[in-house]
Protein chains: 2
Amino acid sequence: MDTRQMAWFVALGETLHFGRAAERVHMSQPAFSRRIAELERDLGARLVERDSRNVSLTPAGARFLFDAREVLARFEAACRDARLVALGEKGELRLGFMMHAAHRLVPRLAGLYAERRPAVRLILEETTPAEIEVRMRRGELDAAVTFLGRPDPALEALPLLRDRLRLAAPEGHPLAGRERIRPADLAGEALIAAPASTAAPLREAIEGWCAGLSTPPRFAYEPRLQQTILRLVAAGLGVALVPGSICDDRIPGVASVALEAAPQLDVVLLVARAGANPAVAPLVELAADFRGG
Amino acid sequence: MDTRQMAWFVALGETLHFGRAAERVHMSQPAFSRRIAELERDLGARLVERDSRNVSLTPAGARFLFDAREVLARFEAACRDARLVALGEKGELRLGFMMHAAHRLVPRLAGLYAERRPAVRLILEETTPAEIEVRMRRGELDAAVTFLGRPDPALEALPLLRDRLRLAAPEGHPLAGRERIRPADLAGEALIAAPASTAAPLREAIEGWCAGLSTPPRFAYEPRLQQTILRLVAAGLGVALVPGSICDDRIPGVASVALEAAPQLDVVLLVARAGANPAVAPLVELAADFRGG
DNA sequence: CGATATCAATGCACGGAGCGCATCGAATGG
DNA sequence: CCATTCGATGCGCTCCGTGCATTGATATCG
């Protein structure tokens, strides 16, 4: 028993005429009669009353006609939606992103994406670069905005922007008034930075810049979120090296200072190379435009 | 494209294994592989990613799996419901009835019917005996409670109860105090009765009883509803000959008097002889019980 | 690193489901 | 009373869908 039988019966229910219904479904009348009889046999219920002059629906037939229309509509919709999802026109797109990107990058991306694919539900998951790596590999994310990390053959990294590290210091701190600082200026300072297990590329950039120091910097606090780091700086608990874009909006109580030979961090859009979710395609295009603009 | 393909795909989606899915739907693995490939071809979308070691759903496949489950469930429900309607276990039953029956008969019937067929929606349509005849013949009603009228080969009449005509007169009226009256007592009285076009059997019974009078009775008012008739009587506008059961509940201002050789009216359950709606069967049984009790 | 096992895809031949054509039987209308 | 209409049935044929055998690719283990 299948939906074709339903479609045949709907044709019959609408015409109440075997010949015309058969014609509508591109079948000969005898074949059509047999299919309807077969449907009734399978169902174990008489659906039409035929007295060789006119055809009428039984109560069961009327009910089945009504239900069949709905089932067929949903069937068609399911097939259409599968196609749309395959084309990336509909469905879901899980976009992971690190907190740094939440300020400007992700909102802009999300807005532009929604214009191109209004029917795709964009699921935003804020997390950390380390988590992103794991979840991308497991296929739990379709794409992610993160720092460029170790190259992965299965993942493609599309550059979005390049960020320079800056110093974030409490207002009134001796370094806060400087035009530009060198690694040596950090001697004895309490540093605040996320641990490598949260954002390896960022941590490596920080430690790399400090590598020249005779006494290695002291990491006083290691919270995971950039938000927290800046709050701790504002509270005067230490200084931090942070991506410059973070300092775009002034945080009360925090001053930002340029670094000499500031390390650069690439913020990239990470997508699976073997395109799992077709809905990522417009996001990739967006990344290219983004780079240009 | 039909629901069998959906069922096959659901098996695959749940096992993620061609061999086991094929087994579940009683098919060999090669045939199953082909059916899935065909489904993907018809849909124009890849539903599963197979890398010859394990099978995984694409986004389109996941969506289709979800939708397919729903479509299949509704499909099954539609088939099941058609069967139930054919068995009279579910669906609708349109029961017409004349106003006279609204007082006690129909509420009791409806209550007992609902106990036997809780899934059948009983649609009650109050109307007149004349209207009932027409609508039964057109198949717009499945059954009706009405006076026994002219026998119709297509309709079966099952006796429910037998009602004697009584006189309804305004309190204080000369006839109101009588024990029993004869047709001659009505001479000169203003009669109130529904027209023959509304309830032929009732009207005929009334006119038949009055047939012996030298001067035929004067029909002062001819409203269609029994309710109206009794109100007019209460207002002192005339007297009426009404089915006795109507007088069961006392109407303020109306007295009822027995008739000599009172005509009897059969109240019957009318059903189509060629049982159109299977849901009437328990109603027919009910009518038999009713006659007994 | 090679042998083995597992699993989906493909080649091939067969059987039957489903089709169209011709026809029948019943009912209707001129 | 014959012509027409319409659904059901008989019959032969075609091709779709099946199972069996096999291939090709890939992971697992000695």
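This one's a predicted model, so the numbers in the text were calculated from it and none came from an experiment.
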Looking only at the side chain of Trp8(A) (C-beta and beyond, no hydrogens), which of the listed nucleotides dT18(D), dC19(C), dA9(C) gets closest? dC19(C)
For the side chain of His17(A), starting at C-beta, report the closest nucleotide among dG7(D), dG19(D), dA22(C). dG7(D)
Thr58(A) (side chain) donor-acceptor with Gly61(A) (main chain) under 3.5 angstrom: yes
Taking Met98(A)'s backbone N and O only, do any of them form a donor-acceptor pair with Thr146(A)'s side chain (distance below 3.5 Å, no angle check)? no
Contact under 4.0 Å: Arg35(B) side-chain N or O vs dT18(D) OP1/OP2: yes
Residue-phosphate contact under 4.0 Å: Ser33(B) side-chain N/O, dA9(C) OP1/OP2: yes
If you only use heavy atoms from C-beta on, which nucleotide in dA8(D), dA8(C), dT10(C) is closest to the side chain of Arg50(A)? dA8(D)
Return whichever of Gln29(A) or Leu16(B) has its heavy-atom-nearest nucleotide of DNA chain C closer to the 5' end. Leu16(B)
Answer whether the closest heavy-atom distance between the side chains of Val85(B) and Phe64(A) falls below 4.5 Å. no
Could you tell me whether Arg34(A) contacts a base, only the sugar-phosphate backbone, or nothing, with contacts defined as non-hydrogen atoms closer than 4.0 Å? base
Between dG18(C) atom P and Ile36(A) atom CD1, what is the distance in whole Å? 13 Å
Spacing of Asn54(A) atom CG relative to dG29(C) atom P, expressed in whole Å: 10 Å
Rounded distance in Å - CZ (Arg20(A)) to P (dG7(D)): 8 Å
dA8(D) C1' sits how many Å from Leu39(A) CG, rounded? 17 Å
Do the charged groups of Glu133(A) and Arg137(A) touch, with an N to O distance under 4.0 Å? yes
Roughly, in whole Å, what's the span from CD in Glu38(B) to C1' in dT10(C)? 15 Å
Rounding to a whole Å, what distance do you find between Met27(B):CE and dC20(D):P? 13 Å
Of the listed nucleotides dC19(C), dA8(C), dG17(D), the one nearest the side chain of Phe18(B): dA8(C)
Rounding to a whole Å, what distance do you find between Phe32(A):CZ and dT9(D):P? 16 Å
Return the orientation label for the Phe147(B) and His100(B) ring planes: parallel under 30°, perpendicular over 60°, tilted otherwise. tilted
Given atom CZ of Arg46(B) and atom P of dA8(C), what is their separation to the nearest angstrom? 13 Å
